[in-house]
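One-based numbering along the sequence shown.
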Amino acid sequence: MADTQEAKPSTFAASIKRKVIDTKHLDYRGDYLARLRALYEGGSALLQNKTVMAEIFPKHRQESPKVYAERVKRAIYIAHASEIVDFITASLAADPIMMSLLGDKVPDDWYSVFAEDVSAPGGERLPLSSLAREQATEMLICRTAWTRVDMPKAGEFESLGEQVRAGALDAYTVPVQAETVINWKELGTRELEWVVLYDCDQPQAQWNAERYTIVDTWTVWTRTGWAKYQLKRPVGEKIDEDAMATRIDEGAHTFERVPLVRTSVPKGLWAMDTLESPAREHLNKRSALAWAEFQSLLPELYEFKGPEESSEPIAGSQEDAGRATNQARGPGYVQERGHQDRAEWVGPSPEPFKEARLSLNELRDDMHRVMHMMAMAVSQNSTALGRSAASKKEDRSTTNVVLAALGQYIREHMIGVYTMVSRGRGDADLIGQWQVEGAAEFESDSGDAILDRAAKFALAPVHSAIFNQDVELDCAKAWYGDRGTDQEKLDKIEAQIRAYVPPVPPTAPVKAKKEGEVTPPEVDGSAEEMMASKKAQDESDA
């Protein structure tokens, strides 16, 4: 975290009550966001999450804990929601984000290096384009994406050059999950006055020690500094709202703003909010069908015994009250039964299975139709229509409508990140000068359609180098589209295509004209002129 070079009097309290620092914003929906994230991730993130499963996979009426626990073990979830969200964000790669300055200004080389890796020191490499897609996914899941911009701790430097060489101005980004941002205050200008982040951990002091302590940590960010508060409690102990959280660290920063960039999409683009209900129903109904099928495939044998007392004589075997269980079963054994005794395999009726499968297919289709719902929500926004009408065809596909609308918020977020970086580095002349390209133009055709169209151009060639270069570039992108090729490789391919000069075909030798030979007319002459010229040439040769 950014820090000051000289210690100053603290502007943060030394301690604060838990119920105060843990106050939630009125719009905070942490539990719901955690549920949406679990439904998006699926697998163990959902099925092994006892808290979320208890909410969205409840017990049946009067169901015993033992049976419920068995049903949870056998629950099945097909993550259609993640397929939809990932398809949207993967499509953004067709038009990657690129930053530049207004006018003829050119940023220094540091910003080029920064775009290649915006991660924290020692973290996994994260290009700017990947950060953009990652935060687009966050918008689709949680509606709001948060990115924290930070700087290495400052030291004592004799000059700015020394500070630069030490990497003290190497800003970096930290994506922040929306459910960890529990409280914030927004000014009238949409700027943040302060933000509170929360984290809970259960550390292990040594490899042979037990995890017996829960550590709650709150980090407060203001326009001038930050402070970290902690509160520890034994595992299993009830939370004490009046317990005092102690400040364990603090510092100042050079951003002059709360160094968190926040961007929220409108409700119509909040994909997981729309998908939550059908995804939850699909989980319960698919699991119930699987449970019923399991019981049908492994039915239970029930014994129905006839009367053991009667006014009429009964068989001797019928006098044995334990005859249903005390006889051996299996090949080679014969059971002795009495009058009216019978055994039947009992299981659920398979009649509802067909209807359940039809309903599951409808639910799946409903989830995949969410793209059309999002497109309709975007189309109802007159401002969005006005922006797109000048540069887009009216018959764009549903996917392109959603991508274009989402791209607007991605570009807004990236400008916010770069502006915050410039503030932290002290590049005041770059504030308000950043512009972003990308996340705007998307090819509506499939890869196969692009390649087929290019093959037709070969039969009817267009004599334009630029046109043919664009066609070749589209073919390359279509070929690599589903192979996860990074932008750097595509940039190299484009450079090679632009630099390629096709060989000039050899020309036929020019035939020397004979004395009195008539030069044929140009190709664009009339048919009559060409015939007259041919006749004159024949007479001359004769």
Open item on the list: If you define the side chain from C-beta out and look only at heavy atoms, does anything of Leu269 sit under 4.5 Å from Tyr409?
Closed with: yes
Task: Other residues, nucleotides, ligands: >12 heavy atoms within 6.0 Å of Glu124 CD - done: no
Open item on the list: Restricting to non-hydrogen atoms, name the atom on Thr222 and the atom on His253 that form the minimum distance, rounded to 0.1 Å.
Closed with: O-NE2, 2.9 Å
- [ ] Please name all residues satisfying side-chain contact (heavy atoms from CB on, under 4.5 Å) with Ser296, sequence neighbours left out, ordered by chain then number.
- [x] Pro348, Phe353
TODO: Could you pull out all residues at least two apart from Glu55 that satisfy side-chain contact (heavy atoms from CB on, under 4.5 Å)?
DONE: Arg35, Thr51
Open item on the list: Test of understanding: with salt bridge (charged side-chain N to carboxylate O under 4.0 Å, His left out), list the residues that count as partners of Arg262, not counting sequence neighbours.
Closed with: Glu186
- [ ] Decide, yes or no, whether a salt bridge links Asp22 with Lys24 under the criterion of side-chain N to carboxylate O below 4.0 Å.
- [x] yes
Task: Pairs flagged by salt bridge (charged side-chain N to carboxylate O under 4.0 Å, His left out) wherever residues 200-213 is involved - sequence neighbours left out - done: none
Task: Pairwise side-chain contact, Pro58 with Asn284, heavy-atom cut-off 4.5 Å (strictly under) - done: yes
- [ ] Write out all pairs satisfying ring-ring contact (aromatic ring centres under 6.0 Å, His included) with one or both partners inside residues 65-86, taking only residues at least two apart or from two chains.
- [x] His80-His282, His80-His368
Task: Of all pairs that satisfy ring-ring contact (aromatic ring centres under 6.0 Å, His included), the ones with a partner from residues 185-219, not counting sequence neighbours - done: Tyr198-Trp218
TODO: Please assess Tyr172 against Asp117 for the test side chain to side chain donor-acceptor pair (under 3.5 Å), listing each intermediate value before the final yes or no.
DONE: CA-CA 8 Å; Tyr172 56 90; Asp117 185 8; over 6 Å; no
Task: Test item: Arg423 and Pro259 side chains (from C-beta on) under 4.5 Å apart, heavy atoms - done: no
- [ ] Could you tell me which residues satisfy side-chain contact (heavy atoms from CB on, under 4.5 Å) with Pro352, sequence neighbours excluded, listed by chain and number?
- [x] Ser349
TODO: For Trp184, check ring-ring contact (aromatic ring centres under 6.0 Å, His included) against everything at least two apart and list the hits.
DONE: His25, Trp146
Task: Aromatic Phe255 / basic Arg223 pairing, under 6.0 angstrom, 45° off normal - done: no
Under 3.5 Å, sequence neighbours excluded: what are the donor-acceptor pairs made by side chains of residues 232-241?
| unit_1 | atom_1 | unit_2 | atom_2 | d |
| --- | --- | --- | --- | --- |
| Arg233 | NE | Asp216 | OD2 | 3.0 |
| Asp240 | OD1 | Asp242 | N | 3.0 |

- [ ] Determine which pairs satisfy salt bridge (charged side-chain N to carboxylate O under 4.0 Å, His left out) with at least one residue from residues 78-92, sequence neighbours left out, and list them in order.
- [x] none
TODO: Would you mind checking if Arg280 and Glu276 are paired as a salt bridge, meaning a charged N to carboxylate O distance below 4.0 Å?
DONE: yes
Task: Residues that Glu179 engages under salt bridge (charged side-chain N to carboxylate O under 4.0 Å, His left out), provided they are two or more places apart - done: Arg37
Open item on the list: Any carboxylate oxygen within less than 4.0 angstrom of a Lys/Arg side-chain nitrogen, looking at Arg125 and Glu116?
Closed with: no
- [ ] Would you mind reporting whether Thr147 and Val176 have side-chain heavy atoms less than 4.5 Å apart?
- [x] no
Open item on the list: Does Arg425 qualify as a cation-pi partner of Phe114, given the criterion of NZ or CZ under 6.0 Å from the six-membered ring centre and within 45 degrees of its axis?
Closed with: no
Open item on the list: Please list all pairs meeting salt bridge (charged side-chain N to carboxylate O under 4.0 Å, His left out) that have one or both residues in residues 402-422, counting only residues at least two apart or in different chains.
Closed with: Arg190-Glu412
Open item on the list: Quick check: do Val220 and Phe12 have side-chain heavy atoms less than 4.5 Å from each other?
Closed with: yes
Open item on the list: Below 30° counts as parallel, above 60° as perpendicular, anything between as tilted: where do the rings of Trp434 and Tyr111 land?
Closed with: tilted
